[in-house]
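Just so you know, these numbers come straight off a predicted model, no measurement behind them. A, B, ... follow the sequence lines: proteins, then strands. Residue 1 opens every chain.
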There are 2 protein chains.
Amino acid sequence: MGDLAKSLGVQKGSLYAHISSKQDLLYETMREGADAFHAALDAIPDELPATEKIRLALRGHLRVVAEQLDVATVFVREWRYLEGDRRAEIVAERRRYEDRVRALFREGRELGELRTDLDDATAALLSLSAANWAYTWLQPGRDTDALADRFYGLLVDGMRGYATPG
Amino acid sequence: MGDLAKSLGVQKGSLYAHISSKQDLLYETMREGADAFHAALDAIPDELPATEKIRLALRGHLRVVAEQLDVATVFVREWRYLEGDRRAEIVAERRRYEDRVRALFREGRELGELRTDLDDATAALLSLSAANWAYTWLQPGRDTDALADRFYGLLVDGMRGYATPG
DNA sequence: AGATAACCCTAACGATCGTTCGTAATGAGC
DNA sequence: GCTCATTACGAACGATCGTTAGGGTTATCT
């Protein structure tokens, strides 16, 4: 709170004309984060091939991190300091997000775009883990979409080099 | 410090017969983490193919996380609360670890085990990101090596299914 | 002009936190 | 048996933290 006030050029006490408590501010930031990540998934057209959806999901996730780095950092790292119902709510939103991503991989497998023996849970875990860590290294200035596409290429076609070209 | 004392069944003040400060304790834990991760890489035989080294590096990383979950969590998440030279030291260790992993991918590319156009920086970033996030979901009871191998399979052969068979 | 809401200040509160201090019990080595 | 290091205790310290209270200024609306 002291740091926050300082960076706003204001006294600590003055903050409470805008927020009701530190815990409330944390919750509001978390809600913002949850909404941003879900909105990124919502923006993906339904009729696209599953692999294309996965590519756009990666782009969307990294874009949220890049454009709202502070919110994303809080969303990813500070949820354990929420208390009570609000904590449960945010944890559920995280879980729902993970489920939506996993559904993309399942769809890709079922439609034959991805290998039929794909372990979609592990695939989603791998992809989401990499994406969740992005807040630690992502530089908002760089071309985030291109980076997401490189990740997509590695994940889908692999690193070995006998995969489909292009 | 209060929680730590409580979980040790001891008064807060008694802790200072064993450590000299909270900051020192943090540093010692970080050193333990850095040593564990580097030791995991040290244990990989030099003469193996690069891809096999990558597989073992993934195994080693996840095993450190699983077997020393508390130390790994601190190492991955709390380094920013170190101060001064010690912070610089640990940051350098993290950097060195990343460089060592990246060298494995470069070796794989140069020896032709991985695609010749592989972006080894991105490959290492993707792999390390996933590995670094593991402390949030890894369950020490499960078969960590098998999980690491599944990650390895996805990363190296991809999810699309036209890659080299198993 | 007067009322009202929005915003900020200063000062202080109670709680928590890391740490220190004086003291005491325990056990190993000379 | 005396010494001394180790470990623990309980109480207190100074600092920091989130929050509240009282008062003041400014701009908007009636």
Side-chain angles (χ1 to χ4, degrees), chain A residues 1-37 64-65 67-94 132 135-136, chain B residues 1-37 64-65 67-94 132 135-136:
Chain A
M1 289 296 114
D3 291 345
L4 178 56
K6 188 181 295 181
S7 76
L8 287 171
V10 140
Q11 293 291 103
K12 267 195 310 178
S14 308
L15 295 176
Y16 290 82
H18 306 270
I19 62 168
S20 64
S21 72
K22 184 189 177 187
Q23 184 78 200
D24 266 28
L25 175 60
L26 176 59
Y27 171 73
E28 284 168 32
T29 308
M30 301 287 297
R31 261 272 43 110
E32 218 175 299
D35 292 345
F37 280 111
V64 169
V65 174
E67 291 178 359
Q68 307 180 76
L69 186 53
D70 45 5
V71 169
T73 299
V74 170
F75 183 67
V76 165
R77 209 173 55 188
E78 311 288 330
W79 59 268
R80 41 191 136 246
Y81 303 111
L82 278 178
E83 293 161 6
D85 292 347
R86 291 169 151 191
R87 173 167 170 161
E89 176 190 331
I90 296 297
V91 168
E93 290 287 25
R94 292 185 57 84
N132 274 329
Y135 79 91
T136 66
Chain B
M1 289 296 115
D3 291 345
L4 177 57
K6 188 182 294 183
S7 77
L8 288 171
V10 141
Q11 293 290 104
K12 267 194 310 179
S14 308
L15 294 176
Y16 290 81
H18 306 270
I19 64 169
S20 63
S21 72
K22 184 189 175 186
Q23 184 77 200
D24 266 29
L25 176 60
L26 176 59
Y27 170 73
E28 285 169 30
T29 308
M30 301 286 297
R31 262 268 49 105
E32 217 175 300
D35 293 345
F37 279 111
V64 169
V65 175
E67 291 178 0
Q68 301 173 233
L69 186 52
D70 45 4
V71 170
T73 299
V74 170
F75 183 67
V76 164
R77 210 172 55 188
E78 312 287 330
W79 60 267
R80 47 194 133 241
Y81 304 111
L82 278 177
E83 292 160 7
D85 293 347
R86 292 170 151 191
R87 173 167 170 162
E89 175 190 333
I90 296 297
V91 168
E93 291 286 27
R94 291 185 57 82
N132 274 329
Y135 79 92
T136 66

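- Under the side chain to side chain contact (heavy atoms under 4.5 Å, CB included) criterion, B:Thr136 pairs with B:Trp133, sequence neighbours left out.
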Would you tabulate the nitrogen or oxygen pairs shorter than 3.5 Å linking the protein to nucleotides 25-27 of chain C?
none

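- In this view, A:Val74 and A:Leu26, A:Thr29, A:Met30, A:Glu78 satisfy the side chain to side chain contact (heavy atoms under 4.5 Å, CB included) rule, not counting sequence neighbours.
- Applying the side chain to side chain contact (heavy atoms under 4.5 Å, CB included) test to B:Ile19 and every residue at least two apart in sequence or in another chain returns B:Met1, B:Leu25.
- Between B:Tyr135 and B:Leu69, the closest heavy-atom pair is O-CD1, 3.8 Å.
- Residues A:Ala72 and A:Val65 come closest through the heavy atom pair CB-CA, 3.9 Å.
- Among residue pairs with one or both ends in residues 17-27 of chain A, those qualifying as side-chain hydrogen bond (donor to acceptor under 3.5 Å, both in side chains) are A:Ser20-A:Asp24, A:Asp24-A:Arg86, A:Tyr27-A:Glu89; sequence neighbours excluded.
- Considering CZ of B:Arg31 and CD1 of B:Ile90, their distance stands at 5.0 Å, rounded to 0.5 Å.
- Near DNA chain D, meaning a heavy atom under 4.0 Å from it, residues 19-30 of chain A has A:Ser21, A:Lys22 in order of number.
- One can place CG of A:Leu8 at 13 Å from P of C:dC7, the figure rounded to the nearest angstrom.
- Within residues 75-91 of chain B, no residue is approached by DNA chain C to less than 4.0 Å at the level of any non-hydrogen atom.
- For residues 4-15 of chain B, no pair satisfies salt bridge (charged side-chain N to carboxylate O under 4.0 Å, His left out), with sequence neighbours left out.
- Rounded to an integer number of Å, the gap from A:Tyr16 OH to D:dG22 C1' is 17 Å.
- When the side chain to side chain contact (heavy atoms under 4.5 Å, CB included) test is applied to A:Arg87, the partners found at least two apart in sequence or on another chain are A:Trp79, A:Arg80, A:Leu82, A:Val91.
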Pairs: protein N or O with nucleotides 8-10 of chain C N or O, under 3.5 Å:
| from | atom 1 | to | atom 2 | distance (Å) |
| --- | --- | --- | --- | --- |
| C:dC8 | OP2 | A:His18 | NE2 | 2.5 |
| C:dC9 | OP2 | A:Gln11 | N | 2.7 |
| C:dC9 | OP2 | A:Ser14 | OG | 2.8 |
| C:dT10 | OP2 | A:Gln11 | NE2 | 3.2 |

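- Taking the ring pair (Phe, Tyr, Trp, His ring centres under 6.0 Å) definition, one finds that B:Phe75 meets it with B:Phe37, sequence neighbours left out.
- Heavy-atom minimum distance, B:Arg94 versus B:Val76: NH1-CA, 3.9 Å.
- Across the protein-nucleic acid pair, B:Met1 atom CE and D:dT16 atom P stand 18 Å apart, rounded to whole Å.
- Rounded to 10°, the helix from C:dA1-D:dT30 to C:dC30-D:dG1 has 0° between the axis fitted to its first five pairs and the one fitted to its last five.
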